[in-house]
There are 2 protein chains.
Amino acid sequence: MTATEQIPDTTQAELDAVLERAAEAAEAFGGQAPAERARQLAAAADALDAAADELVPLAIDETNLSRTRLGGELKRTTFQLRMFADVLRDGSYLRATVDRADPGFALGTKPDLRRVLHPVGPVLVFAASNFPFAFSVAGGDTASALAAGCPVVLKAHPGHPRLSVRTGELVAAALRDAGAPEGAFQVVLGFDVGTSALRDRRVKAAAFTGSVPAGRALFDIANARSEPIPFFAEMGSVNPVFVTPGAVRARGPEIARGYVTSYSGNAGQLCTKPGLLFLPAGHGLDDVLAEESRGVGAHRMLNERLHEGYRGRRDEVTAVPGVRVLAEGGVDGETLPTLLATDVDTLLAHRGALLEEVFGPLSIVVEYRSAEEAHRAAEAIEGNLTATVHAEPDEPDLAGALLRRLRERAGRVLFNGWPTGVSPSPAMQHGGPYPATTDARFTSVGTAAVDRFLRPVTYQDVPQPLLPEPLRDDNPWNIPRAVHEPR
Amino acid sequence: MTATEQIPDTTQAELDAVLERAAEAAEAFGGQAPAERARQLAAAADALDAAADELVPLAIDETNLSRTRLGGELKRTTFQLRMFADVLRDGSYLRATVDRADPGFALGTKPDLRRVLHPVGPVLVFAASNFPFAFSVAGGDTASALAAGCPVVLKAHPGHPRLSVRTGELVAAALRDAGAPEGAFQVVLGFDVGTSALRDRRVKAAAFTGSVPAGRALFDIANARSEPIPFFAEMGSVNPVFVTPGAVRARGPEIARGYVTSYSGNAGQLCTKPGLLFLPAGHGLDDVLAEESRGVGAHRMLNERLHEGYRGRRDEVTAVPGVRVLAEGGVDGETLPTLLATDVDTLLAHRGALLEEVFGPLSIVVEYRSAEEAHRAAEAIEGNLTATVHAEPDEPDLAGALLRRLRERAGRVLFNGWPTGVSPSPAMQHGGPYPATTDARFTSVGTAAVDRFLRPVTYQDVPQPLLPEPLRDDNPWNIPRAVHEPR
């Protein structure tokens with residue numbers, strides 16, 4: 001297929017067949033030993049790594065992102081697939097619990113109760129545009145749903161259709177060749193089939209990364225079903241950063257440089273971009289902030305639609321009375337970073353314009369005049385993926401007061417760092433209170449992402465041969481279990 | 001207060017004060033060491049046990065339930081409070097995870113990441129009518145939310161207002177005397193304040209036990225908020241029981257007796273009442289089933305509204321063509337159990353009438369003519385709290401095929417037992433696919449119920465003195481943690 005050929009949308013009839021295959025695959029795929037699915041995930045990772053020289057140029061062509069960034073992102077993507085393979089080999093994700101029968105139980109005889117997590121069934125994943133590998137076809141949502149044992153129907157993002165189709169072919173073939181059932185992984189294209197699939201009874205959960213309006217609309221569809229399903233949307237985040245007076249004194253210019261690198265990188269098209277930097281009034285960093293911002297090279301945004309959206313939001317924010325320009329940047333063709341400045345009163349008086357994410361290379365410096373004003377600003381911020389404090393060791397009261405407020409409003413709290421860059425690890429939380437996500441109890445990055453696609457089933461007095469493997473006395477999958485003996 | 005005095009509803013102004021106190025209590029209550037909250041929960045349990053002679057008669061008067069049943073239920077309620085105190089003392093519910101910094105990480109330097117669960121904030125609990133202790137004011141929802149560190153606003157059920165107010169006074173006083181902040185636990189009364197509270201920004205999660213229409217309406221309100229919140233409704237369940245030919249041959253009459261005891265107990269007002277008993281055609285148990293049912297004594301239902309609802313549903317089900325009466329029972333004043341019979345074709349042709357819960361002492365025997373027909377019936381059933389198989393050891397294929405189908409549709413699968421009676425234990429799952437609950441990933445009974453009211457926060461490179469206690473290197477709360485060292 002050449003770059004100029006149009007990839008047709010999936011038809012409703014094709015979608016029906018896709019969903020039927022996914023539903024039919026569910027029992028076989030979910031019933032495999034975790035070690036088998038681990039091999040399949042690792043095989044998908046190997047196939048993608050081997051195709052890097054084909055995939056990265058496709059991605060460059062469709063997304064305007066750099067070779068370095070995309071090469072690193074593909075590496076991250078295959079790392080995640082292998083990380084979930086490790087989760088499967090470990091087996092503790094199943095949370096197998098055995099409570100043996102207890103004839104002397106305080107509330108009367110207690111039966112033999114054994115609890116384990118089962119896959120929820122077919123999962124619909126809406127791919128994101130800004131990470132064409134790591135949050136797209138074979139990204140974290142797909143990897144975690146497959147790890148859970150759920151067949152995945154991947155709704156490709158229209159921003160990179162050729163890359164999506166090719167990645168999908170490679171992953172599907174690798175899974176199949178490694179023993180996964182037909183229907184374990186399928187890619188569909190088109191807006192209409194996305195919403196149709198979300199309404200379909202065969203789909204049992206869905207995940208999404210994108211804007212608040214799109215995420216909320218899909219969330220509402222998922223909840224309006226006659227049988228509502230879990231819907232995990234990762235949406236908007238302004239990722240506030242608070243800098244204390246001590247931190248400005250100790251390393252103001254270094255903070256300014258780190259901030260500009262973080263907000264302007266990848267043309268600001270990261271969900272963890274710091275959109276607000278709170279500095280004490282009189283910080284004296286205007287010049288270095290402006291200079292650093294003007295030193296950033298031009299970057300074409302992912303696609304024209306995002307570029308137009310960015311242009312509109314940039315106009316809106318810039319027009320707010322009380323907002324001044326530190327670095328004007330630009331939006332003609334390629335973007336140059338725009339840095340604005342305001343104060344807390346203006347921020348709080350124009351919440352709609354200033355406290356909502358601007359997707360693109362724009363950020364706002366907000367001056368606070370007192371600790372009290374900084375706290376008030378922290379309390380006014382809605383849910384976020386991240387929140388950051390820069391402080392010095394001799395300011396524990398101020399730093400502590402800010403951290404306590406920010407942890408109520410974020411999934412990840414950073415100290416003296418920058419929120420861009422999300423390590424996939426067992427302790428990562430990439431989620432946060434609404435509107436950062438629709439369900440702050442779960443993460444879309446890190447090993448805990450698998451929890452989204454599992455539900456517990458308890459087996460009461462079920463004989464050994466009829467129990468699922470992870471609950472049998474002989475523990476054939478050799479997984480860690482919590483065993484409670486009668487007291 | 002005498003029985004004839006009317007307890008006034010909470011006003012909207014009073015509700016506002018209640019919610020403000022709950023919001024103000026959140027940080028102090030959630031920030032306590034788990035061992036402190038454990039003492040508070042245990043104190044509440046002690047206070048309720050000490051007041052049994054006052055509370056049980058109040059409950060008898062308001063619910064028509066027996067002294068034996070209510071005494072046992074109060075014991076269960078205080079057992080649960082102490083069980084969650086044990087969960088707190090153990091500390092593993094916090095899922096504290098420490099990933100140390102790794103300069104050699106495959107994707108570039110990994111920061112120090114530490115993850116722990118925090119309470120979500122004030123929780124609104126809608127009490128149930130059918131368990132005036134164990135699923136009401138101080139029931140499992142309240143106990144698990146308090147254990148999580150969430151202030152609870154308890155919306156009392158109108159079926160037992162005096163008991164609710166008195167239980168609330170005792171619990172609130174015990175918590176306060178044991179060191180909980182003012183506002184950790186409050187009771188409100190009235191339909192309007194329930195829905196108002198559910199819409200209020202200060203409420204961060206809610207739990208409910210009751211009917212499908214009420215649960216769904218509240219679920220829709222929770223999801224329509226500008227900031228949606230988790231809403232856990234435990235609603236309708238028919239709790240199917242499948243009996244194999246071998247089980248009928250081996251112990252048909254014993255099964256018939258167990259079934260009648262289970263479906264008719266407490267006038268069928270249990271969420272795990274077996275509403276459908278699948279028997280092989282030609283089972284020959286009609287007489288013993290009818291006789292056992294007719295041997296059950298009369299029982300007054302919880303309240304007049306439920307009695308009227310039961311009367312209507314009983315009429316509807318009985319009128320379905322193809323449904324015959326095994327034991328007619330009665331609905332005049334007190335109820336006598338009604339046992340009906342039909343076949344799989346009729347069941348599937350009248351799903352609306354027959355496959356939805358009848359809340360009260362009615363159950364339906366469904367005859368299947370083949371294993372295939374039994375499987376078809378199992379696949380037609382919606383989400384349930386429980387599903388049961390009675391089979392003999394020489395029928396592993398049939399039993400296995402049924403269990404595999406039923407575990408897709410239930411939170412708890414039983415073998416050769418009866419679903420009524422739900423042990424609060426670490427392996428219990430009291431939940432299930434919709435419409436049994438609105439979120440099959442969680443349970444409302446057992447230690448895992450605490451998971452509903454917690455959300456993870458990750459701390460990145462936060463200095464020791466600013467970390468929350470469970471994540472500090474010196475582990476001052478002495479809780480179990482997963483620690484990941486660089487490889």
Side-chain angles (χ1 to χ4, degrees), chain A residues 27 75-76 79 97-99 105-108 110-111 113-115 118 120 219-220 223 227-228 230 383 393 396 399-400 403-404 407 410-417 423-429 431 433-434 438-441 443 448 454-463 465-466 482 484, chain B residues 27 75-76 79 97-99 105-107 110-111 113-115 118 120 219-220 223 227-228 230 383 393 396 399-400 403-404 407 410-417 421 423-429 431 433-434 438-441 443 448 454-463 465-466 482 484:
Chain A
E27 187 169 336
K75 191 171 160 192
R76 176 193 183 87
F79 175 91
T97 304
V98 176
D99 291 356
F105 188 57
L107 304 177
K110 191 175 79 59
L113 294 168
R114 298 173 186 229
R115 189 177 200 259
H118 282 286
V120 295
F219 172 80
D220 289 343
N223 283 307
E227 178 201 1
L403 282 174
R404 276 195 304 280
R407 80 176 179 202
R412 178 164 55 113
V413 175
L414 299 89
F415 196 82
N416 289 358
S423 294
S425 96
M428 179 47 70
Q429 171 65 12
Y434 191 92
T438 50
D439 194 337
R441 291 164 305 168
T443 179
L454 297 163
R455 79 174 171 91
V457 176
T458 292
Y459 295 79
Q460 178 168 330
D461 288 335
V462 173
L466 295 174
H484 302 264
Chain B
E27 187 169 335
K75 191 171 158 191
R76 175 193 183 86
F79 176 91
T97 304
V98 176
D99 292 355
F105 188 57
L107 303 177
K110 191 175 81 57
L113 294 167
R114 300 173 186 229
R115 189 177 200 259
H118 282 287
V120 295
F219 172 80
D220 290 342
N223 283 307
E227 178 201 0
L403 282 174
R404 275 195 304 280
R407 80 176 179 200
R412 178 164 55 113
V413 176
L414 298 88
F415 196 82
N416 289 359
S423 294
S425 98
M428 179 47 70
Q429 172 65 11
Y434 191 90
T438 50
D439 195 336
R441 292 164 304 170
T443 179
L454 297 162
R455 79 173 171 92
V457 176
T458 293
Y459 294 80
Q460 179 168 329
D461 288 335
V462 173
L466 296 174
H484 301 264

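Only a predicted model underlies this, so the values are computations on that prediction, with no experimental measurement involved.
Heavy atoms of B:Leu107 lying under 4.5 Å from chain A belong exclusively to its side chain. Using a 4.5 Å cut-off between heavy atoms, B:Phe79 contacts chain A through its side chain alone, with no backbone atom that close. Both the backbone and the side chain of B:Leu466 come within less than 4.5 Å of a heavy atom of chain A. Neither the backbone nor the side chain of B:Pro393 comes within less than 4.5 Å of any heavy atom of chain A. Looking at B:Asn416, neither its backbone nor its side chain comes within 4.5 Å of chain A, counting heavy atoms on both sides. Of the two parts of A:Pro456, the backbone and the side chain both hold a non-hydrogen atom closer than 4.5 Å to a non-hydrogen atom of chain B. Heavy atoms of B:Pro426 lying under 4.5 Å from chain A belong to its backbone as well as its side chain. Interface residue B:Ala410: only backbone heavy atoms are found under 4.5 Å from chain A.
Under the salt bridge (charged side-chain N to carboxylate O under 4.0 Å, His left out) criterion, A:Arg114 pairs with A:Asp112, A:Asp473, sequence neighbours left out. Every residue two or more places apart in sequence or in another chain that forms a side chain to side chain donor-acceptor pair (under 3.5 Å) with A:Ser425 is listed here: B:Asp99.
With respect to chain B, the highest number of heavy-atom pairs below 4.5 Å among A:Pro111, A:Gly108, A:Pro433 belongs to A:Pro433. Top candidate by heavy-atom pairs under 4.5 Å with chain B, chosen from A:Gly431, A:Gly400, A:Pro230, is A:Pro230. Taking B:Leu113, B:Thr438, B:Val120 one by one and counting their heavy-atom pairs under 4.5 Å with chain A, the maximum is reached by B:Leu113. If you tally non-hydrogen atom pairs under 4.5 Å between each of B:Ser423, B:Ala482, B:Pro228 and chain A, the highest count goes to B:Pro228. Put simply, of A:Gly383, A:Pro396, A:Gly417, A:Ala440, the one with the most heavy-atom pairs under 4.5 Å next to chain B is A:Ala440. Ranked by heavy-atom pairs under 4.5 Å with chain B, the list A:Asn223, A:Asp461, A:Val462 is led by A:Asn223. For the options B:Pro463, B:Ala399, B:Ala106, B:Pro424, heavy-atom pairs under 4.5 Å to chain A are most numerous at B:Pro463. Most heavy-atom pairs under 4.5 Å with chain A, from the set B:Arg412, B:Glu227, B:Arg76: that is B:Arg412.
With rounding to the nearest 0.5 Å, the separation of CD in A:Gln460 from CG in B:Leu414 is 4.0 Å. Rounded to the nearest 0.5 angstrom, A:His118 NE2 and B:Gln429 CD are separated by 10.5 Å. A:Tyr459 OH to B:Leu403 CG: the interatomic distance, rounded to the nearest 0.5 Å, is 7.5 Å. Between the CD atom in B:Glu27 and the CZ atom in A:Arg404 there is a gap of 6.0 Å [rounded to 0.5 Å]. Put simply, NZ on A:Lys110 and CE on B:Met428 are 8.0 Å apart, with the number rounded to the nearest 0.5 Å.
B:Arg441 and A:Asp439 get closest at one heavy-atom pair: NH2-OD2, 3.9 Å.
Within the 3.5 Å criterion, the main-chain N or O of A:Ala427 finds no donor-acceptor partner in the side chain of B:Thr97.
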